[in-house]
Every structure is written in C-alpha cells, then in structure tokens.
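What follows is a single structure, written as structure tokens, with notes after it.
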Amino acid sequence: MTTVKWGILSTARHAANTWIPQAHNSPSGEVVAVASRDPHRAQQFAAANNIPNSYGSYEALLADDTIDAVYIPLPNHMHKEWAIKAKEAGKHVMCEKPLGLNAMEAVEMVEAFKGSDLKFAEAFQWRHSRQAQRLRQIVQSGEIGDLRFIDAGFSFPLDREGDIRRNPETGGGALYDVGCYTVAATRFIADAEPLTVTAQIYWGDYGIDELVVATLEFPNHVLAHLNCSFILPLRRYYEAVCRDGSVLVEHAYNPNGLKNKVIQRGQDHEVVKTHVLGRDNEYLLLIEDFNRAVLDDRDPLYGGDDAIKNMKVIDAIYKASETGTRVEVG
C-alpha cells in the first residue's frame with residue numbers, strides 16, 4: 001500500500017467544508033467513495049466534492065475491499081455503531097468528535113480495535129497546529145514560571161433552524177459540539193488529567209445544554225476554567241497563566257492558518273512577544289498523521305485512549321451540574 005484509500009460514511013456539511021478538501025490535498029491518501037442512506041444524495045455529494053464513487057448505504061461502502069480507511073462524520077449517537085461495524089469490516093477509522101455519548105461508549109469503541117492492526121483516532125485537528133504546540137512548549141519550558149491557571153472557551157450563536165446539534169436525541173448540545181475542544185485544550189496544556197470538576201449548565205428550550213461553565217482541578221494545584229455555548233458570540237481561545245506571565249491563542253481550534261500566533265504577556269499583562277507562526281492547515285496535518293500511522297504501522301499521534309479521557313471529563317461535567325457537587329473524574 002502506497003496511499004490510504006478513504007471512504008466517508010455520511011454526506012455531512014462539516015465533512016464537505018473541512019475534512020474532504022484537505023484529504024484531497026494529502027499526498028499519502030485519497031478519497032475514493034462516500035455513502036448515504038439516500039443513493040441520489042450520495043451521487044450528488046460525490047459529484048460536488050470530486051469523489052469518484054458513491055454508495056446508497058453505509059453497509060455497501062464497508063463491503064468495498066478497495067477501501068482501507070473510513071471517516072465517520074455521522075451524528076454523535078451513531079458513532080459507536082458505525083465505528084465498530086467499520087472495524088469488523090477491516091477498516092481503519094477516524095471518527096468525528098465527540099467519540100461517543102459517554103466514556104462507556106468510547107471505551108467500547110477503543111476496545112473493539114485493540115488487538116488488531118487497525119488504526120483508530122478521534123478527529124481532533126487543532127492539536128497538530130504549531131500554535132498549540134508552541135504554547136505548550138513555552139509553558140513546559142518554565143520560562144514564565146510554574147503553570148497556575150488555564151482558561152479556555154469556544155462559543156458561537158447557533159441560529160439555524162433544524163440543525164441536528166439542537167436535537168438532544170442525537171447527541172446535540174454545546175458541550176459535545178464545542179465544549180469537547182475546551183476540555184481537550186485544558187488537558188493538553190496541563191499535560192495531565194483533571195482530578196475533580198464543578199459545573200453549571202443552562203439548558204435551553206430545545207432540551208440541550210446551551211451554555212456550560214466548568215472548573216477543573218488538575219494535579220499540582222492547577223485550576224482551569226472552561227466555557228462553551230450556542231448562545232454567545234464567536235469566541236475560540238485558550239490561555240495558560242503562569243507565575244510570571246501568560247500565553248494566549250486568540251483564534252484557536254480551527255484558525256485555518258489565517259491568524260496563527262501565540263501572544264506572550266508579562267507580569268503587568270503587557271505583550272512582551274508575539275510568536276507569529278507559519279500557515280498551517282490542521283485538518284491536513286491530522287489526516288497526514290493518520291495516513292502515516294496506517295502506512296508505517298504506528299499509532300496515531302492522538303489515539304483512542306486520549307478520546308476516552310476526554311469523554312470522562314465530559315461525563316463528570318454533566319454529573320457535576322446535575323448534582324451541584326464537586327465530582328471526581330473517572
């Protein structure tokens with residue numbers, strides 16, 4: 001095998017807007033098929049996105065022996081079922097975030113792949129960017145003192161009627177959709193797992209969490225604050241505050257290389273340095289890492305076990321909000 005041949009389960013808008021264009025740019029992979037439960041829709045999607053083959057069912061795509069790997073951008077409640085079915089069909093799998101509806105589902109998915117040669121990963125692209133790596137490098141170097149506090153937020157106004165992210169039965173809600181990024185950001189910056197969580201959630205008219213605020217306690221007395229929402233303006237940032245200064249990424253998670261920089265501040269919050277970084281495309285970096293994992297028979301940079309840890313924190317946030325108490329993670 002010299003390139004990874006990809007099939008896509010779903011004609012999701014997110015796949016067309018983000019993942020597919022960069023998969024086409026990958027030198028180590030190619031998108032060869034897409035599947036929908038509606039054959040006509042699959043054909044239209046394939047034509048619009050330069051994909052040579054289409055299937056009128058997910059099962060038919062999985063039965064195609066020429067396909068090596070499957071990307072799953074299905075609704076959240078369908079991730080577990082189709083990731084496991086793809087594995088049973090002998091496919092490597094990259095699954096959209098969040099991996100499942102809870103940590104138990106995530107564990108089932110990851111366990112299904114263990115003991116096989118098949119690769120499995122969650123489609124979290126942002127950690128591959130140079131701005132994420134640079135921020136953590138500055139924190140871990142100790143040049144601005146010990147890490148004390150992390151602040152991470154991701155919000156946007158979800159105004160589109162009929163959007164599946166407003167449906168609680170399919171895994172809708174702000175924490176699953178954008179809050180998972182902030183959870184991952186705090187874990188990534190702390191380079192550790194949180195011990196306890198407290199949280200408050202505003203549940204909107206659709207029966208989903210529309211505004212989530214949580215505090216995470218990490219080892220070594222590091223605290224983190226995260227917030228996510230469907231009823232706030234577009235905000236996407238993370239900041240690490242250390243003893244002698246802080247480092248901030250203002251355009252986080254999916255900057256598409258347009259504003260890749262890390263702002264470093266001193267004791268009086270003055271900007272002491274702006275680390276301007278070259279243009280990255282995080283989705284291409286994500287896909288390339290996975291393709292190389294398949295071709296070189298190694299683990300992806302961020303595998304399924306990391307996704308389980310993220311889901312454990314999400315579970316704890318929901319539980320802490322429900323009980324009104326501090327909840328231990330895991």
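Side chains are part of it too, since the values below use all heavy atoms of this structure and drop only hydrogens, waters and symmetry mates. Computed from a prediction, not measured in an experiment: that's the story for all the values here.
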What is the distance from atom CG of Asn310 to atom CD1 of Ile308, rounded to the nearest 0.5 Å? 11.0 Å
With a 4.5 Å limit on heavy-atom distance, are the side chains of His251 and Gln131 in contact? no
Pairing donors with acceptors under 3.5 angstrom, does anything connect the side chains of Asn260 and Arg130? no
Once you round to the nearest 0.5 Å, how far does NE2 of His225 lie from CG of Leu223? 11.5 Å
Donor-acceptor contact below 3.5 Å, side chain Thr274 vs main chain Val276: no
Can a salt bridge be assigned to the pair Arg298 and Asp289 using a cut-off of 4.0 Å between side-chain N and carboxylate O? yes
Measure from the side-chain N and O atoms of Ser141 to the backbone N and O of Ile138, and report whether any donor-acceptor pair falls under 3.5 Å. yes
With a sphere of 6.0 Å drawn around CZ of Arg41, does it hold more than 12 non-hydrogen atoms of other residues, nucleotides or ligands? no
So CD of Gln125 and CD of Glu122: to nearest 0.5 Å the spacing works out to 10.5 Å
Pairwise distance CG(Leu62) to NZ(Lys87) - rounded to 0.5 angstrom: 13.0 Å
Residues Glu111, Lys114; criterion salt bridge (Lys or Arg N to Asp or Glu O under 4.0 Å); working and verdict: CA-CA 5 Å; Glu111 287 296 323; Lys114 287 190 174 177; 3.8 Å; yes
Cation-pi geometry met for Arg166 and Phe230 (6.0 Å, 45°): no
Heavy-atom donor-acceptor pair, Asp68 side chain to Lys5 backbone, under 3.5 Å: yes
Arg13 CZ: over 12 foreign heavy atoms closer than 6.0 Å: no
Run His77 and Glu169 through side chain to side chain contact (heavy atoms under 4.5 Å, CB included) and show every step you take. CA-CA 8 Å; His77 72 299; Glu169 296 181 0; over 6 Å; no
Taking atom NZ of Lys97 as the centre, does the number of heavy atoms from other residues, nucleotides or ligands within less than 6.0 Å exceed 12? yes
Do other residues, nucleotides or ligands put more than 12 heavy atoms under 6.0 Å from Asn17 CG? yes
Between His79 and Glu105, is there a donor-acceptor pair closer than 3.5 Å when you use the side chain of the first and the backbone of the second? no
Does the side chain of Tyr176 pick up a donor-acceptor pair with the side chain of Asp209 at under 3.5 Å? no
Indicate yes or no for a side-chain donor-acceptor contact from Thr3 to the backbone of Ser28 under 3.5 Å, with no hydrogens or angles considered. no
Between the main-chain N or O of Lys119 and the side-chain N or O of His92, is there a donor-acceptor pair closer than 3.5 Å? yes
For side chain to side chain contact (heavy atoms under 4.5 Å, CB included), just list the numbers for Val183 and Ile317, CA-CA rounded to whole Å, side-chain angles, deciding distance to a tenth of an Å, and then say yes or no. CA-CA 10 Å; Val183 171; Ile317 290 172; 3.9 Å; yes
More than 12 heavy atoms of other residues, nucleotides or ligands under 6.0 Å from NZ of Lys261: yes or no? no
Thr196 OG1 to Phe218 CZ distance, which is reported to the nearest 0.5 Å: 10.0 Å
Does Tyr71 belong to the same Ile/Leu/Val/Met/Phe/Trp/Tyr cluster as Leu285, with side-chain heavy atoms less than 4.5 Å apart forming each link? no
Just by distance, do the side chain of Asp315 and the backbone of Asn102 share a donor-acceptor pair under 3.5 Å? no
Scan side-chain atoms only and decide if Gln264 and His275 contain a donor-acceptor pair under the 3.5 Å cut-off. yes
What residues form a salt bridge (charged side-chain N to carboxylate O under 4.0 Å, His left out) with Lys80, not counting sequence neighbours? Glu108
Heavy-atom check, side chain of Tyr181 versus side chain of Arg236, under 4.5 Å: no
Among Arg265, Arg148, Glu239, exactly one meets side-chain hydrogen bond (donor to acceptor under 3.5 Å, both in side chains) together with Ser246. Which residue is that? Glu239
Tyr318 backbone acceptor or donor facing Ser321 side chain under 3.5 Å: no
Indicate yes or no for a side-chain donor-acceptor contact from Thr18 to the backbone of Ala15 under 3.5 Å, with no hydrogens or angles considered. no
Could you tell me which non-hydrogen atom of Ile67 sits nearest to which non-hydrogen atom of Ala33, and how far apart they are? CD1-CB, 3.8 Å
Report yes or no: is the cationic atom of Arg127 (NZ for Lys, CZ for Arg) closer than 6.0 Å to the six-membered ring centre of Tyr302, at no more than 45° off its axis? yes
A quick test of your reading: do over 12 heavy atoms of other residues, nucleotides or ligands sit less than 6.0 Å from CD of Gln44? yes
Does Gln140, at its CD atom, have more than 12 non-hydrogen atoms belonging to other residues, nucleotides or ligands within less than 6.0 Å? yes
When you check the side-chain N and O atoms of Ser155 and Arg235, is any donor under 3.5 Å from an acceptor? yes
Under 4.5 Å between side-chain heavy atoms, counting indirect links through other Ile/Leu/Val/Met/Phe/Trp/Tyr residues: same cluster for Leu234 and Val249 or not? yes
Are there over 12 heavy-atom neighbours, none belonging to Glu143, within less than 6.0 Å of that residue's CD? yes
Specify whether Trp126 and Tyr238 have parallel, tilted or perpendicular ring planes, treating 30° as the upper limit for parallel and 60° as the lower limit for perpendicular. tilted
Hey, what do you get for CG (Asn281) to CD (Glu288), rounding to the nearest 0.5 Å? 11.0 Å
Could you tell me how the ring of Tyr253 sits relative to the ring of Phe154: parallel (under 30°), tilted (30 to 60°) or perpendicular (over 60°)? parallel
Taking C-beta and beyond as the side chain, do Phe120 and Cys95 meet within less than 4.5 Å on heavy atoms? yes
Flag, side chain of Asp163 to backbone of Asp159, donor-acceptor distance under 3.5 Å: no
